[in-house]
Each structure stands twice: as structure tokens, then as C-alpha cells.
Amino acid sequence: GATLQSNATVQTKPSYQYCGNETHPVSVYIVSTEKGKCTWTDQDGMSIQPDTLDNRGEYNSTSKTFTQSASVKPTRQELIGITYPRGYTDVLFTVTDSMGNENKCINQVYVNDDQEPAFKMPNGVNQSLICGKTFEVDSEPYKCSAYFQYYEPVATDNCAVSSVQKPAHNPKGDHYPVGSNVEKITAKDESGNEKICEIMIKVKDVEPPTLSCDNDIVAYVPATFSPCHNGAVVNFKCNAADNCNSKQPFQCSVNSGSTIAVGKHSITCTATDTGGNTTTATIKAKVLDVTPPRFKTFPSDMVHYAQAGESFGKTWDVPVAEDNTCDVVDVKEINGRKPGDLLAAGKHDITYVATDKSGNSVTKSFTLTVVSPSAPSISNCPGNITKTSDTHQWVTRVTWPDIVATDADNKTLTAKGIETLPVSGMAFPLGITTVKYTFEGTTSKQVATCEFNVIVNDVEKPSPVTSATDVFKCSPGSEGKGVGNYQQCGGLVIPVTSKTGQINVIGGVVPFSGTNTTCCNTAFKCTGDDKYKACLPK
């Protein structure tokens, strides 16, 4: 600072602080524009006035300070009310002391414009400012957009608007896509201050999608049994579209190509667009089983020969049926008959019906013939047969019709012990021979008999034995076999065919000559001619 001096003859310019010249930096007083204005008005006059220093002054012993004798123009009072424009303004100050010495300096006032631009509605529009507001509009029919127009706000500034960036859509009318659309109007002033007016246009998709599906679908369970099927494959098509998506997806409660059980079904398909609009379609589907079941096992025809006093009848295995749907098949005998039931004699049709859950049925029968417990039936049973012996013989051949016996099931029976019984065409000896055929039913176990007598009478007188050669000689080893009274013991062989096809004679001994030993019992002798010899009492 300046040095205070008391010598009045020295011409010394006053000095200053906080003011600029060629050797001092300029003091800049920074202020902001007043609200709504592009200027600033000094209200106190002290903001930029420099402090003065002079070499002369008066000393105040009380405050122990010097009072400067220099003055500054303009004065503080003169600065009050001065209005400064935006930017830098130089203020020239003159410092003058009491001797007329003066000095000059410059300070600056910088008026900063820090006010953002503002928006207002156009003149004549009776509407509040729309910046920051949201407008909701519905989409137009068949479109994924909506038409909307608005009054574009006008940008203003306390100084001047340098640029305005327009919104993406034309405010005078434009189509906005479904969704949230933010329209921005950006205004800048010359100081670089920026203001953005945002307007939200929400376009709501109010149009539901379209959905069309096949309907009244009928599918049939395959008619094959191995393997069986739990249902049928149901195929259908759906087409969905939306004002915002030509390939609108959809979902169904059952997918096409799925296997569905037999019965009626309602398949629900739903299409929901991005706006949450929903359309539903219902598909009515029928899965039908038109194939009747089949019997896996079934009894063959059978005959039951009833026995007297039986408490149970004929039994059989209940048929087993299967279905193409894998379901259990209900099998019933239509008359309620059960295996083991006692049935009357005669033919009975045992009929079973197999019914599946769809009502398809198959019927099949087998015949059960019940034969009553009756004895076998005998035909051609002769009465007593009377014959005379052949000439010079004590036997004669006796024939009768074939004795036929049939059981209750019409089967021909064989007499018991047929191999040892006399048969038609055999030689019967003199006297009475009882022939008895016994037949037993194979199933009924009932017995029937055919019994008759063969009577052979001797009407020929015996011839005397003329020589010892009349005695029949038997083969070695057959001595004393005891050929019975009136049984053949020599002479010609009499062939007789029995049931077994063997050649024999009564007594079971085939006589022949060439030995000296008799075949007759010791109480008898073989007597007769060369044609026929018999054992006669001695």
C-alpha cells in the first residue's frame, strides 16, 4: 500500500486496493441474473468499489487510525441502482486525493445467467403446462398404436433461447406405438442452460387377440389289443393373431397330439397379448371306443353225465375278456348261471357277454349237455336159444345178432370181460350154458345186463367104442388136464373166432394126435370117431 506522508509539496498519486490496472489484477464481482431478467442491478454499491490509500491523512488518537483523504468516483451511492447486462462489464474508478492527485483502475462485474429456459403453453391455449404430465390413450382398432396430438409448449428464457430440439413425433398429430412413449423438447439458452420438457404418452393395448381353434373333434381308440391303448391321440389346430403380434402365441390345457382318455373333454386354449388382454377358445373333443372287447379264454362245448344225488353240477372256467382300452371288462352270464350249478338234463347254451366301459359288447356261447343218470341201453339182446347138437357131435354152433349197448352219451359200450365171454358163432356143448353180458356206463356208472341161456339138446344115441385106437392121444405135458365131461378131446379141430381173434375151442385145449397119453380126466375116456371125439364117463 502507499506510505502516508505529511509533506504537502510531494505530488503523490493516491493508490487503491482491490482494483485493477496494468499492474494490478482486475477484481471480478460475480453475480447472477435476477429472476426472469437477463440483468443484475446493484442494490448496495459496495460490491465492486475499491479501497483507497493516500500518503496523507489525519490520525485519530482514539482509534489510532488514519483517515484517508482520497476519494473514489463513482461513489458507493452512485453505484446503487446501476443495472448490469449478462456477461462482463468494466467499471472505471477514479481515486482523487485532497491535493487533486488522482489514479484510475478498473473492476469488472460478471453477470452470470444460470437460469434455465422455461416452457409455457402457446398464446391463446387455455391449458396448464403439459410438461411432466402423462397422457393415457387406448389403441385404435386393429392397430398397435394410437393417434395423439397436443399443443407444443413454447420455450422462453430470461435472456434468449438459442436452440429448441423438437420431439420425435409431430405434436400436431402422430401415431404412437403401444407402450410408454416419452416425448422430449429440449431448449438451450446462450449461456448453455438447458431445460427438457418431457411428455409421457402411454398407449394402452385394449384390443384382445383373436383365437380360432378346431372344434367338435372326434378321435377313436385304435382297435388293436396288443398292446392296448389308454386313449386316442387328439390332434387340433389353433390360429392366434393380435393387433401387436401377427404370430400371437397361445397355450392349451392339453397339447395337440396328446393321448386323451375315452370320454368327452373340453380343451381350453388361451391367448394373452403383451397388454394383458386375453381371449379364450374351447375345443370340444370326443374320444370314442367303438371296438368291442374280445374273449381271451372261453370254454368249449362240454357234456356232463349227471350222477344220482350229486350236489354240484359241471364246472367250467369263467371266460376272461380283454379290451383295446386296457380297461377291465365286465363279464357276465346272461342267465346268471355259474360254474357248478345243477342244471336239468338236456342241452343248455351258456352265454356270456363281455361289456367294456363304453358299452361295446361281445357275446359268445358254449353248449353244456347234461345227461341224466340212466343205465346203458341194450339192443338185440336175444331170449333163450335152444339147439340140438350136430350129428355125431356133442356141440353145436350157436349164433345171435350183435348185442349193442350204448351209454347215455350215445357211445357204444364194451361188455365187461368180453375176452372170456361166449360169442355168437361159438360151439356150445350139450346142456344149458348161461350167457351174460354186463355193460357199465362210462360216466353214469349205471349197469345194464343182457342174460340168456343157450340150450343144446342131445338127440343122437351114442356109438360103441370099437377099438383102443378110438382113445385120443394128447401131446406130452397135457396129461391129466382134466378135459371135462362132453368136452372135445380129439378128432377134427373146430375153429371158433372169439372177440380177441384167437382160434380156440371150448375148454381151451387144441387137440391133436401122435401121443399115447390121454387128455381126459381120469374119470373119463376120450371116445368118438375120427371127426369128433369127446371125454365121456368111463
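Just so you know, these numbers come straight off a predicted model, no measurement behind them. Basis for what follows: all heavy atoms, side chains included, without hydrogens, waters or symmetry-related copies.
Remark: Cys238 SG to Cys213 SG, distance under 2.5 Å.
Not counting sequence neighbours, the partners of His169 by the ring-ring contact (aromatic ring centres under 6.0 Å, His included) test are Tyr176. Considering only residues two or more places apart in sequence or on other chains, Tyr151 meets the ring-ring contact (aromatic ring centres under 6.0 Å, His included) condition with none of them. Taking the ring-ring contact (aromatic ring centres under 6.0 Å, His included) definition, one finds that Phe119 meets it with nothing, sequence neighbours left out. The side-chain hydrogen bond (donor to acceptor under 3.5 Å, both in side chains) check on Ser32 picks up Asp114, with sequence neighbours excluded. Considering only residues two or more places apart in sequence or on other chains, Phe135 meets the ring-ring contact (aromatic ring centres under 6.0 Å, His included) condition with Phe148.
Each side chain to side chain donor-acceptor pair (under 3.5 Å) pair with one or both residues in residues 244-260, not counting sequence neighbours, would appear here, but there are none. Residue pairs meeting the disulfide (SG to SG under 2.5 Å) criterion with at least one partner in residues 157-198, sequence neighbours excluded, are Cys38-Cys159, Cys131-Cys197. Evaluation of the salt bridge (Lys or Arg N to Asp or Glu O under 4.0 Å) test over residues 168-187, restricted to residues two or more places apart or in two chains, returns Lys184-Glu198. Within the structure, every pair that satisfies the side chain to side chain donor-acceptor pair (under 3.5 Å) test and touches residues 127-136, not counting sequence neighbours, is listed here: Ser128-Lys133.
Taking the side chain as every heavy atom from C-beta outward, Asp356 and Ser361 never approach each other to under 4.5 Å.
Checking Lys188 against Ser163 by side-chain atom types alone, no donor-acceptor pair falls below 3.5 Å.
With respect to Glu78 and Lys73, a salt bridge is recorded, a charged nitrogen being found less than 4.0 Å from a carboxylate O.
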Name the atoms and distances for all side-chain donor-acceptor pairs under 3.5 Å in residues 80-92, with sequence neighbours left out.
residue, atom, partner, partner atom, Å
Thr83, OG1, Thr41, OG1, 2.7
Arg86, NH2, Glu190, OE1, 2.8
Asp90, OD1, Gln108, NE2, 2.9

Show which side-chain atoms of residues 290-297 pair as donor or acceptor with protein atoms under 3.5 Å away, not counting sequence neighbours.
residue, atom, partner, partner atom, Å
Arg294, NE, Glu322, OE2, 2.5
Arg294, NH2, Glu322, OE2, 2.8
Thr297, OG1, Val320, N, 3.1

Pair up each side-chain donor or acceptor in residues 214-228 with any protein partner under 3.5 Å, not counting sequence neighbours, and list the distances.
residue, atom, partner, partner atom, Å
Asp214, OD2, Lys237, N, 2.8
Asn215, OD1, Lys284, N, 2.8
Thr224, OG1, His229, NE2, 2.6

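Annotation for Asp317: atom CG does not count as buried by contact number, only 12 or fewer foreign heavy atoms lying within 6.0 Å.
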